[in-house]
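A, B, ... follow the sequence lines: proteins, then strands. Residue 1 opens every chain. Here the structure is a predicted model, which is why all the values come from computation and not from measurement.
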2 protein chains.
Amino acid sequence: MNDGLPPQMGQSLLFLTDEQLRKGIEAMFFAYRGFTADPDRILAQKSYGRAHHRAIHFIHRSPGTTVNNLLSILGVTKQSLNRVLRSLIEDGLVASTVGQRDKRERHLHLTAAGEALERELSDAQRDRMRAAYRAAGPAAVAGFRQVLEAMMDEETRHHYEAMKDKPE
Amino acid sequence: MNDGLPPQMGQSLLFLTDEQLRKGIEAMFFAYRGFTADPDRILAQKSYGRAHHRAIHFIHRSPGTTVNNLLSILGVTKQSLNRVLRSLIEDGLVASTVGQRDKRERHLHLTAAGEALERELSDAQRDRMRAAYRAAGPAAVAGFRQVLEAMMDEETRHHYEAMKDKPE
DNA sequence: ACAATACGTCAGCTTTGTTGACATTCCAAG
DNA sequence: CTTGGAATGTCAACAAAGCTGACGTATTGT
C-alpha cells in the first residue's frame, strides 16, 4: 500500500502524488487505444475513419441536429466536418434536409443504412465497455465517470450534460 | 436513481445497461479532449504535436530505450515514429546513441532541453489530472483506474503493467 | 434595404498515420 | 569463414483529417 512515499504526508492525500497522477495519465493513454480499437477495425474495412464514427454517433444521438450544433459538439471546423459529412451523404448513410422553420439550416438524420452501421460500431464499442464495467464492478464505474467528468473542459461538460439524460 | 429501466432487472446489473454504457463512452470521448488540451496548447506554440509529446513522455520514462521498444509501446509504424524522432533529435531535445552490444540499435535519451519540455508538458497535464482527482476523491480514483485497466488490449496492458511500478 | 447567420466549397497547409524500397548490422547454417 | 536471412533503422511518397482564409448563396431579422 505504501508506495515508498514520505510517511509524514497526510494519508488522505497519497492519491494526489505525482507518481499516482502519472499512472493515471498513462492509463488514460493506453485505455483510449482500446476504447477506439474495435470500431477502428470495422471502419477501416469500409474505408472510413474515426471522424465518420463521431459524426454518425452524434447524429444518432440527436436526430435532426443541425450542422452548426454538430460542429460545436465535435469541436472541429466546418470544413473538416463537411468533408466527412459529404462522403456520408454521398454513400447514403446520412440524410440532410432543409429546415422548415429556418431554411438556412440542414437537419441531419441517419438513413436505415446509417443506423445499421451505427449499431455495428456501437455494439463493438459497447461490448468492450461492458466487459470492462463488469470486471471492475458498479462502484468502480461510478468513480470512473466522476473522474472523467471532472477532467472535461467547462464548455465540453455542458455538451456532455445536455445529452446525458436523453432517452434512448 | 431509477432510470426508467425494467424493475424486474436485477438491481446489481443496472450499471450494465446500454444507456449506462453509452454515457461511459461519451464521457470517455469528451474527457480525452480535456486530457490532451493543455499539452496541445503548449505544443502548438513550439510547432510540435501530440506524437512528439508521446515520444518525449516514454523516453523520459524509460531512458535508453530503443526505437523498436518505443515502437511497440506507442503502437505506430517505425516510419511514423522516425519522423517525430528525427525532428526531436535535430532540435536537440533527444539524443540517439548507437548501441554498444548491438550496433543496429539506437538508444534514446532526453537532453537537458528535452527534460525541460517534458516537465513543462507533464506539469500542465498533471495539473488538470490533480484537479480532477481532488474533485472526485480517492475512492473514485481507484475505480477510474480499475475501469481503464480493464479497457486495455491484452498486449497494451502488458506495456502498462511493465512501467507501472518503475521508480520516478 | 441591409447586416448577420447558416451552410457549402475551393485552395493550400500541417500533423501523423500508412506502405514500399533500401542500407546496415547481426547471427547462424552450411 | 562465408553467406543468406532476420532485425534495426532511414528515406520517399501517399492518405486521412485536422487547420486557416476567402468567397458564394440563401435566408433571416432589424
Side-chain angles (χ1 to χ4, degrees), chain A residues 29 32-33 36-37 39-59 64-91 94-109, chain B residues 29 32-33 36-37 39-59 64-91 94-108 121:
Chain A
F29 168 68
Y32 198 78
R33 272 223 305 252
T36 57
D40 280 354
R41 265 187 289 274
I42 296 170
L43 290 158
Q45 291 173 355
K46 306 183 156 47
S47 37
Y48 287 135
R50 246 176 242 182
H52 300 83
H53 183 187
R54 292 197 280 265
I56 288 172
H57 176 96
F58 287 108
I59 293 173
T65 187
T66 66
V67 174
N68 241 352
N69 184 43
L70 201 50
L71 236 42
S72 76
I73 289 172
L74 295 176
V76 298
T77 60
K78 64 175 176 178
Q79 295 90 332
S80 197
L81 175 58
N82 188 258
R83 194 193 303 123
V84 167
L85 233 34
R86 197 184 337 178
S87 72
L88 290 175
I89 292 170
E90 277 173 8
D91 297 351
V94 168
S96 165
T97 63
V98 173
Q100 295 198 331
R101 228 185 49 204
D102 187 335
K103 290 176 189 163
R104 292 172 302 180
E105 294 179 340
R106 300 298 134 86
H107 297 283
L108 304 170
H109 295 266
Chain B
F29 168 68
Y32 199 78
R33 275 224 302 251
T36 57
D40 280 354
R41 267 188 288 275
I42 296 171
L43 290 158
Q45 290 173 357
K46 304 183 157 47
S47 38
Y48 287 136
R50 248 176 241 181
H52 299 84
H53 184 189
R54 293 198 278 263
I56 288 173
H57 176 96
F58 287 108
I59 294 172
T65 186
T66 65
V67 174
N68 234 358
N69 184 43
L70 202 50
L71 233 45
S72 75
I73 289 172
L74 295 176
V76 297
T77 60
K78 60 182 176 174
Q79 294 90 331
S80 193
L81 175 60
N82 186 260
R83 192 194 307 116
V84 167
L85 236 33
R86 196 186 336 174
S87 72
L88 291 174
I89 291 169
E90 277 174 8
D91 297 352
V94 167
S96 165
T97 61
V98 173
Q100 295 200 331
R101 230 185 45 203
D102 186 335
K103 289 176 189 165
R104 292 173 300 180
E105 295 180 342
R106 301 297 133 87
H107 296 282
L108 304 170
L121 292 170

Enquirer: Closer to the 5' end of DNA chain C via nearest nucleotide, is it A/D102 or A/N82?
Expert: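 Mapping each residue to its closest nucleotide by heavy atoms, the 5'-most match is A/D102.
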Enquirer: Before giving the answer on side-chain contact (heavy atoms from CB on, under 4.5 Å), spell out for B/H107 and B/T65 the whole-Å C-alpha distance, their side-chain angles and the decisive distance to 0.1 Å.
Expert: CA-CA 5 Å; B/H107 296 282; B/T65 186; over 6 Å; no
Enquirer: For A/R101 and C/dT5, give me the distance from atom CZ to atom P, rounded to whole Å.
Expert: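 Spelled out: CZ on A/R101 to P on C/dT5 is 16 Å.
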Enquirer: Taking only the side-chain nitrogens and oxygens of A/N68, find out if one of them lies under 4.0 Å from OP1 or OP2 of C/dA6.
Expert: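 For A/N68, the contact criterion (side-chain N or O under 4.0 Å from OP1 or OP2 of C/dA6) is met.
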Enquirer: For a quick check, with a 4.0 angstrom heavy-atom cut-off, what is the B/S/- contact string for nucleotides 11-20 of chain C, read 5' to 3'?
Expert: ----SBBBBB
Enquirer: Could you walk me through whether B/R106 and B/T66 satisfy the side-chain contact (heavy atoms from CB on, under 4.5 Å) test, starting with their C-alpha distance in whole Å, then the side-chain angles of each, then the deciding distance to 0.1 Å, before giving a yes or no?
Expert: CA-CA 5 Å; B/R106 301 297 133 87; B/T66 65; over 6 Å; no
Enquirer: Is the shortest side-chain heavy-atom distance between B/F58 and B/N69 below 4.5 Å?
Expert: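 Result no, sub-4.5 Å side-chain heavy-atom pair not found.
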Enquirer: Within the structure provided, determine whether B/F29 and A/R54 are in side-chain contact (heavy-atom separation under 4.5 Å).
Expert: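 Yes; the side chains approach each other to less than 4.5 Å.
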Enquirer: Pick out the pairs of N or O atoms, protein on one side and nucleotides 1-4 of chain D on the other, that lie under 3.5 Å.
Expert:
none

Enquirer: When you measure only distances, ignoring hydrogens and angles, does the side chain of B/R104 come within 3.5 Å of the base of C/dT24 through a donor and an acceptor?
Expert: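 Answer no: no donor N or O sits under 3.5 Å from an acceptor.
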Enquirer: Are A/Y48 and A/D91 packed together at the side-chain level, in the sense that at least one heavy-atom pair is separated by less than 4.5 angstrom?
Expert: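 In short, these two side chains touch, coming nearer than 4.5 Å.
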Enquirer: Quick one: B/L71 CG to D/dT8 C1', roughly how many Å, whole number?
Expert: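 Result: 10 Å.
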Enquirer: If you round to the nearest 0.5 Å, how far is CD1 of A/I59 from CG of A/L108?
Expert: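 Taking CG in A/L108 and CD1 in A/I59, the distance rounds to 4.5 Å.
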Enquirer: Nearest whole Å is fine: how far is D/dA16 C1' from A/D40 CG?
Expert: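 It is 12 Å, rounded to the nearest whole Å.
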Enquirer: Starting at CG of A/L88, measure out to OG of A/S96 and round the result to the nearest 0.5 Å.
Expert: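 Between atom CG of A/L88 and atom OG of A/S96 there are 11.5 Å.
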Enquirer: Whole angstroms only, please: what is the CG-P distance between A/L85 and C/dA6?
Expert: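 It works out to 17 Å between those atoms.
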Enquirer: Measure from NZ on B/K103 to P on C/dC27 and round the result to the nearest Å.
Expert: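 Spelled out: NZ on B/K103 to P on C/dC27 is 11 Å.
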Enquirer: Please name the residue in the list B/V94, B/L85, B/V84 that meets the side-chain contact (heavy atoms from CB on, under 4.5 Å) test with B/H52.
Expert: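 Of B/V94, B/L85, B/V84, side-chain contact (heavy atoms from CB on, under 4.5 Å) with B/H52 is met by B/V84 alone.
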Enquirer: Can any side-chain N or O of B/R33 pair as donor or acceptor with the backbone N or O of A/L74 at less than 3.5 Å?
Expert: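 At least one qualifying donor-acceptor pair exists.
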Enquirer: Would you mind reading off the distance between B/L74 atom CG and D/dG9 atom P, rounded to a whole angstrom?
Expert: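 That distance rounds to 13 Å.
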Enquirer: Can you tell me which nucleotide in C/dA6, C/dC10, C/dG8 comes closest to the side chain of A/R86?
Expert: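 Nearest to the side-chain atoms of A/R86, counting from C-beta on, is C/dC10.
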